[in-house]
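Heads up: the structure comes next, in structure tokens.
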Amino acid sequence: AADYTFTPSSALTSADYGEFIIAIAGKTDSVNAIPTIIFSDSTSNIYYTGETLTLDGTRSALTGSNTGIINIGNATTIPDANIPFSMFCKLSINALGANYITGYMETININNIITETKFFELSASDIDKVEINMTSTGKFKADTRFSFWGLKNA
């Protein structure tokens with residue numbers, strides 16, 4: 001499929017959950033099939049910074065200010081079809097009592113050991129839905145695995 005949606009039975013809030021973790025391991029089926037992620041319908045007021053690091057040490061800056069959706073990878077990290085990649089994302093919900101979610105995301109191209117690292121924040125007070133979509137007509141290969149964990153507060 002090209003799109004996946006995770007909807008918890010009730011919203012993940014800071015009162016109940018301190019952290020939320022997502023892991024994806026898989027492949028796409030076409031060139032430039034870049035996966036994206038949307039938390040709680042937030043498609044604006046997203047800020048991120050980070051870098052792409054290639055095997056030869058070349059670094060490219062990643063910065064976004066008041067952007068839309070968050071790309072899980074880019075054309076360097078996921079350059080072609082059938083390239084195995086892994087993504088790990090850790091989120092803090094409603095950090096410091098503010099009305100936003102902060103996160104750290106790392107995507108790795110397993111073939112060429114290329115990494116993309118992002119730190120981001122977005123305007124949302126809880127997580128009531130996570131959408132993972134393709135930016136083009138590509139799809140996830142059938143053996144792609146998605147894992148979601150909420151870490152409950154003590």
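All figures in this text were calculated on a predicted structure; none of them were measured in a lab. In this chain, numbering begins with 1 at the start of the sequence shown. Because only heavy atoms are used, hydrogens play no part in the values below, and waters and symmetry mates are left out as well, while side chains stay in.
- For residues 50-69, the pairs satisfying salt bridge (Lys or Arg N to Asp or Glu O under 4.0 Å) are Glu51-Arg59, with sequence neighbours left out.
- Within the 4.5 Å cutoff, no side-chain heavy atoms of Tyr47 are placed close to those of Ser123.
- Screening residues 51-89 for ring pair (Phe, Tyr, Trp, His ring centres under 6.0 Å), with sequence neighbours left out, gives no hits.
- Pairs engaging residues 133-150 under the salt bridge (Lys or Arg N to Asp or Glu O under 4.0 Å) rule: none recorded [sequence neighbours left out].
- Results of the side-chain contact (heavy atoms from CB on, under 4.5 Å) test with Phe6 over Ile127, Ile132, Val130 single out Val130 as the only residue that passes.
- The closest side-chain heavy-atom distance from Ile21 to Phe148 is not below 4.5 Å.
- When side chains are defined from C-beta on, Ile24 counts as touching Thr144, because their heavy atoms get closer than 4.5 Å.
- Considering OG1 of Thr115 and CG of Leu55, their distance stands at 10.0 Å, rounded to 0.5 Å.
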Open item on the list: Walk me through whether Lys118 and Thr49 qualify under side chain to side chain contact (heavy atoms under 4.5 Å, CB included).
Closed with: CA-CA 6 Å; Lys118 283 187 184 104; Thr49 186; over 6 Å; no

TODO: Apply side chain to side chain contact (heavy atoms under 4.5 Å, CB included) to Ser42 and Tyr100, showing your working.
DONE: CA-CA 10 Å; Ser42 291; Tyr100 61 88; over 6 Å; no

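- Cluster partners of Ile110, using a side-chain heavy-atom cutoff of under 4.5 Å among ILVMFWY residues and allowing indirect links: none.
- With sequence neighbours left out, the side chain to side chain donor-acceptor pair (under 3.5 Å) criterion links Tyr104 to Glu106.
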Give the table of side-chain donor-acceptor pairs shorter than 3.5 Å for residues 68-77, with sequence neighbours excluded, one pair per line with atom names and distance.
{"from": "Asn74", "atom 1": "OD1", "to": "Thr76", "atom 2": "N", "distance (Å)": "2.8"}
{"from": "Asn74", "atom 1": "OD1", "to": "Thr77", "atom 2": "N", "distance (Å)": "2.9"}
{"from": "Asn74", "atom 1": "OD1", "to": "Thr77", "atom 2": "OG1", "distance (Å)": "3.1"}
{"from": "Asn74", "atom 1": "ND2", "to": "Thr52", "atom 2": "OG1", "distance (Å)": "3.1"}
{"from": "Asn74", "atom 1": "ND2", "to": "Glu116", "atom 2": "OE1", "distance (Å)": "2.9"}
{"from": "Thr77", "atom 1": "OG1", "to": "Glu116", "atom 2": "OE1", "distance (Å)": "2.8"}

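- For Ser147, the side-chain contact (heavy atoms from CB on, under 4.5 Å) test picks out Ala23, Trp149, with sequence neighbours left out.
- Applying the side-chain contact (heavy atoms from CB on, under 4.5 Å) test to Ala11 and every residue at least two apart in sequence or in another chain returns Thr13, Asp126, Asp128.
- Under a hydrophobic-cluster definition in which Ile, Leu, Val, Met, Phe, Trp and Tyr are linked whenever side-chain heavy atoms come within less than 4.5 Å, directly or via other members, Ile101 and Tyr48 are assigned to the same cluster.
- For Tyr17, the side-chain contact (heavy atoms from CB on, under 4.5 Å) criterion is met by Leu12, Ile93, Lys152, not counting sequence neighbours.
- Rounding to the nearest 0.5 Å places CD1 of Ile114 at 6.0 Å from OG1 of Thr54.
- Separating the CZ atom in Phe20 from the OG atom in Ser92 is a distance of 12.5 Å, to the nearest 0.5 Å.
- Between Ala33 and Gly138, the shortest heavy-atom distance links the atoms CB-CA, 3.7 Å.
- For Lys27, there are no salt bridge (charged side-chain N to carboxylate O under 4.0 Å, His left out) partners two or more places apart in sequence or in a different chain.
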TODO: Any chance you could lay out the side chain to side chain contact (heavy atoms under 4.5 Å, CB included) test for Met134 and Thr28, step after step, and finish with the verdict?
DONE: CA-CA 9 Å; Met134 288 292 178; Thr28 62; 3.3 Å; yes

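- Rounding to the nearest 0.5 angstrom, the gap separating the OG1 atom in Thr67 from the CZ atom in Phe120 is 10.5 Å.
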- [ ] Please step through side chain to side chain contact (heavy atoms under 4.5 Å, CB included) for the pair Met87 and Ile22, ending with a clear verdict.
- [x] CA-CA 8 Å; Met87 184 279 287; Ile22 302 170; 4.0 Å; yes

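- When side chains are defined from C-beta on, Asn45 does not count as touching Leu122, because their heavy atoms never get closer than 4.5 Å.
- Every residue two or more places apart in sequence or in another chain that forms a side-chain contact (heavy atoms from CB on, under 4.5 Å) with Glu131 is listed here: Thr5, Ile38, Asp41, Lys129, Asn133.
- The distance from the CD1 atom of Ile34 to the CD1 atom of Ile78 is 5.0 Å, given to the nearest 0.5 Å.
- Distance OG/Ser86 to CG/Asn109: 9.5 Å, rounded to 0.5 Å.
- Within the 4.5 Å cutoff, the side chain of Leu91 has no heavy atoms near those of the Glu19 side chain.
- With sequence neighbours left out, Tyr4 forms a ring pair (Phe, Tyr, Trp, His ring centres under 6.0 Å) with Phe140, Phe146.
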